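Quick notes on the structure that follows.
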Amino acid sequence: MHFKQEAGRKDFIAGPANSSMVAEDIVEEKYPFLKVEKKWRGRWAEEDLCVVEDHGDRPKYYCLEMFPYPSGKLHMGHVRNYAIGDVVARFKTMQGHDVLHPMGWDAFGLPAENAAIKHGVHPSDWTWENIAAMREQLKQLGVSYDWRRELATCHPGYYRWTQWLFLQFFHRGLAVKDKAPVNWCPSCATVLANEQVVNGGCERCKSPVEKRELAQWFLKITEYAARLLNDLKQLPGWPEKVKIMQENWIGKSEGAEAVFPIPGSQEKIPIFTTRPDTLYGVTYMVLAPEHPLVEKLTVPEKAAAVAEFVARARNLSELMRTAGEGEKNGLFIGSYCINPLTGEEVPIFIANYVLMEYGTGAVMGVPAHDQRDFEFARKYNLPIRVVIQPPGEELAPETMTEAYVDEGVLVNSGPFTGMENLPAMRAITAYLEENGSGRGRLNYRLRDWLISRQRYWGAPIPIVYCGRCGTVPVPEEDLPVLLPYDVAFKPTGQSPLKDCPDFVNTACPRCGAAAQRETDTMDTFICSSWYYFRYTSAREEGGPWDRAKIDRWLPVDQYIGGVEHAIMHLLYSRFFTKFLCDIGLVGVEEPFTNLLTQGMVLKDGAKMSKSKGNIVSPEDIMARYGADTTRLFILFAAPPERDLEWSDQGVEGCARFLNRVWRLVNAVLPEIKGSHLPKQRLIGVNRELRRLTHLTIKRVTEDVERFNLNTAVSAVMELVNGVYRFVDCVPKTDRDAGVLREAAETILLLLAPFAPFLSEELWARLGHRGSIHRRPWPKYGPALLVQEKVTVVVQVNGKVRGRVILPAEAEPKEMEQEALREPRIRKILADKDVVKVITVPGKLVNIVAR
RNA sequence: GCGGGUGUGGCGGAAUGGCAGACGCGCCAGACUUAGGAUCUGGUGGGCUCAGCCCGUGGAGGUUCAAAUCCUCUCACCCGCACCA
């Protein structure tokens, strides 16, 4: 803005700047947020402002934020998540979409049960009270949710369909019960999913995790591994980072399976390798300690030692096992197997570095070409056989200090000797296949999803065990299997359901005989894997959802939440969606088209936490500054994807800004009410203000579209500053009320998604009848953005040495001439020769001189 | 170890290869005030021989008329995964 220079007539205002504004029309100096928020919360609810129809005629937009666990209190992370989502939802609404913007509760889970044990509150009561409290806080924050669609995963009307979905998996053989070594947290007395084990400890309580063999329910997500991996390519709207994390988690590796027979036995040991080209270099075999063949293949004289080794490995927590700093320990179990390629016998070991969970639980030992095998062989004096020679070098086992893992030419490899190792991989794999000793194989790191929890506060698994009929699914019409309310919560570690005869004892749905219910409940990630479908038909009773509504709303156009869900929640949801698509219940293969992962809210450089005592409570901030200020600060302080450092002073600044808007609009109100833009062409300051208004529309629109919400806010701030300068510096007789009105209304419209209360109140004060939140998003006129004159920077050898004011459309030739004419530039160029001149139209002239 | 990210004033942060530091905070000075933790105005990267010039986006090179931005190497911090055969 150039008002200042242009005007140079600040003096026309007799008194201080603000006297011209406020003195004549006394309004509240400060935005009375308490009063205003209360008023509009009530009106909006009455008018169903945020209710969205399923059969609207505008294009749909599904804006979803990750639903919270109802801990009882909103924290700043929630505020950030929901403030971002609300800007998107309100923006899209104003842009003419029917926006589905729902909220619910991820309401099952451990904390409720812990509260029951600790404070004697029933998990259900505790949870519903928390939900009520948090719902109020969200309403206070002014988030535009369609509350008619609210859902809670712990409500029987919801978990009925969670159970129903489980049965769909069960009927198709994708929900199976299996004995499995599981991660057991002795403190929580429950089974943990692999993803819930962090550094060998329990994700929640950090105590070391043990291994136990238990019969557990699994969902066979591994059947979808390939699709879950490949379809990541179909998600251009996801952050690269998240896709890479999922890719690594699925962990595809290409290789071969080779089968090593046992001499004089029917038993065979299949192994998985990514290096079939090194099969000729095998000098030993290693089984995981838990491998089922260990017992059979151990010779009697080794039995005691092996049993001890296995027992130790088995009971050792994951933590202890990995804490060994990679020290490889093993034991020869006395028997041998045969290399299918060479016919050679190699000794069989067990070792701590081989994991039962990956591949086949057995590994061929190729010390020359695998670093782990190399270390193991050196430690136990096993032979090292080189089968790949690097170009221009001759490896010898005696002199090697580490394994050679790169490319080379095969040696000592029978018919394959002399081949490059890459083609040899394919050749050897083919050879294995021909001889029935193996085949090409893809292996995934991803494991099946263990969903059993030995807990009360979860959706019961709808299964009955009958002495005669075995495992029987609960018929769909008998759903939901209700959680009994009257159960005892004792810190025994056993599920309270086990001690609840009324729940356990039932009749077999098939034969009617006395039978027992499954007492495990489902992992809460199951509940959160389909909630985004349920929002479309939250009260539907004839099925999990109304298919027509799914087709209208899905996929979610924008999903917003923390990165901490990058793997589990998002992978499980994708898995569910693919399964449901396969069985014809939904029409989409991917649930979330665009994903925004917001950063954390930090205080003093660290995540807010009770133990650090650096928590800032949204409640306090909202009480002190109001919802709009709270939202605005959190949106302004950093771009959504980055971590955000909390600043009390920053909040203060945002409150100050909203007060400035408040005073400005109130002050100009009498002047602009009823005025209109003039028909004739604008000139001077009026034209300049109009240009700034439209430039701001452009900037804010584009910024919001790219989620640069912080710069969107700063653009509005600049417009506000510009209008202040306009009102302060331009006498009333010179300024156009219509232009001023357009500027003021634009400020409110652009601010509406960020500060919904204040903008609504001022909008009403300007005499508008309907809600500002139903107004169309402003559009800018490209023609209004053009400047007549622009300041062109003149550089000499890349350094700014002057400026010239030129018509915006000046030709390069003209720009060059004007630049060279500038006195300062002439002085600098006096003793130099101009070599070259570069011009950027409307912007810059760079003179290269020597 | 592997993968990803981030380094810009006192602070949060802006900059389609084209004026580094928009906007906000803080700070300094001033105005109005009994008062100011209200409001407004002006200033605010560092340095110097201060109308001007030099330096400056973690560091070192390079490409270019022009680099925070592109390339090479390097350092620091953060986040995932981690004996994955």
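Please read all numbers here as calculations on a predicted model, not as lab measurements. First the proteins, then the strands, lettered A, B, ... as listed; each starts at 1.
Here the straight-line distance linking atom CD of A:E818 with atom NZ of A:K813 works out to 13.5 Å at 0.5 Å rounding. Rounding to the nearest 0.5 Å places CZ of A:R378 at 13.0 Å from CG of A:D373.
With B:G4, B:C53, B:U39 as the choices, the nucleotide that has an atom nearest any side-chain atom of A:R663 turns out to be B:U39. Taking the side chain of A:Q795 as heavy atoms from C-beta on, and the options B:G18, B:A22, B:A14, the nearest nucleotide is B:G18. Checking B:C23, B:G18, B:C81 against every side-chain atom of A:W249, the shortest atom distance belongs to B:C81. Considering only side-chain atoms of A:N846, the nucleotide from B:A15, B:C25, B:G18 that sits closest is B:G18. Listed candidates were B:A85, B:U41, B:U16. Nearest to the side chain of A:K843 is B:U16. For A:M245, whose side chain is taken as the heavy atoms from C-beta onward, the closest listed nucleotide among B:G24, B:C83, B:G80 is B:G80. Comparing B:A85, B:C55, B:C23 against the side chain of A:V363 picks out B:A85 as the nearest.
Using a 4.0 Å heavy-atom criterion, one finds that A:R824 contacts the sugar-phosphate atoms exclusively. Among the protein residues, A:T273 comes within range of the sugar-phosphate backbone only, with heavy atoms under 4.0 Å from sugar or phosphate atoms but none that close to a base. A:V848 comes within 4.0 angstrom of sugar-phosphate atoms only, judged by non-hydrogen atoms across all strands, and of no base. If you check every strand for non-hydrogen atoms under 4.0 Å, A:I244 touches sugar and phosphate atoms only. Nucleic acid contact class of A:V793 (heavy atoms, under 4.0 Å, all strands): base. Residue contacts shown for A:N710 are limited to sugar-phosphate atoms, with no base heavy atom under 4.0 Å away. Nucleic acid contact class of A:N443 (heavy atoms, under 4.0 Å, all strands): none. Within the nucleic acid shown, A:G251 has no heavy atom closer than 4.0 Å to any nucleic acid atom. Residue A:D373 is classed as having no contact, given no heavy-atom separation below 4.0 Å to the nucleic acid. Counting non-hydrogen atoms under 4.0 angstrom, A:R801 reaches the backbone sugars and phosphates but no base.
Judged by distance alone, with hydrogens and angles left aside, A:K836 brings no side-chain donor or acceptor close enough to the base of B:C65 to form a pair under 3.5 Å.
Nucleotide B:G12 holds its C1' atom 16 Å from the CD atom of A:E652, rounded to whole Å. Between A:L602 atom CG and B:G12 atom P the separation is 11 Å, expressed in whole Å. Summarising the geometry, the separation between CD on A:E564 and P on B:C78 is reported as 19 Å, rounded to the nearest angstrom. Between A:K799 atom NZ and B:A66 atom P there is a gap of 11 Å when expressed in whole angstrom units.
The six-membered or imidazole ring of A:Y380 lies away from that of A:Y284, with a centre-to-centre distance of 6.0 Å or more.
For the residue pair A:T222 / A:D448, a side-chain donor-acceptor distance below 3.5 Å is found, with atom types taken as modelled.
If A:A637 and A:V713 are placed on RNA chain B by their nearest nucleotide, the residue sitting closer to the 5' end is A:A637. Between A:G798 and A:R660, the one whose closest nucleotide on RNA chain B sits nearer the 5' end is A:R660.
An OP1 or OP2 oxygen of B:C23 is reached within less than 4.0 angstrom by no side-chain nitrogen or oxygen of A:R656. The phosphate of B:A82 has OP1 or OP2 within less than 4.0 Å of a side-chain N or O from A:R445. For A:N721 and B:G24, the shortest distance from a side-chain N or O to OP1 or OP2 is below 4.0 Å. For A:R642, a side-chain nitrogen or oxygen approaches OP1 or OP2 of B:G7 to under 4.0 Å.
Annotation: side chain of A:F707 is not in contact with side chain of A:Q598 (no heavy-atom distance under 4.5 Å).
With both pairing distances under 3.5 Å, B:U57 is matched to nothing as a Watson-Crick or G-U wobble pair.
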Starting from the C-alpha separation in whole Å, work towards a yes-or-no answer on side-chain hydrogen bond (donor to acceptor under 3.5 Å, both in side chains) for A:N721 and A:R660. CA-CA 9 Å; A:N721 291 343; A:R660 259 165 83 73; 2.7 Å; yes
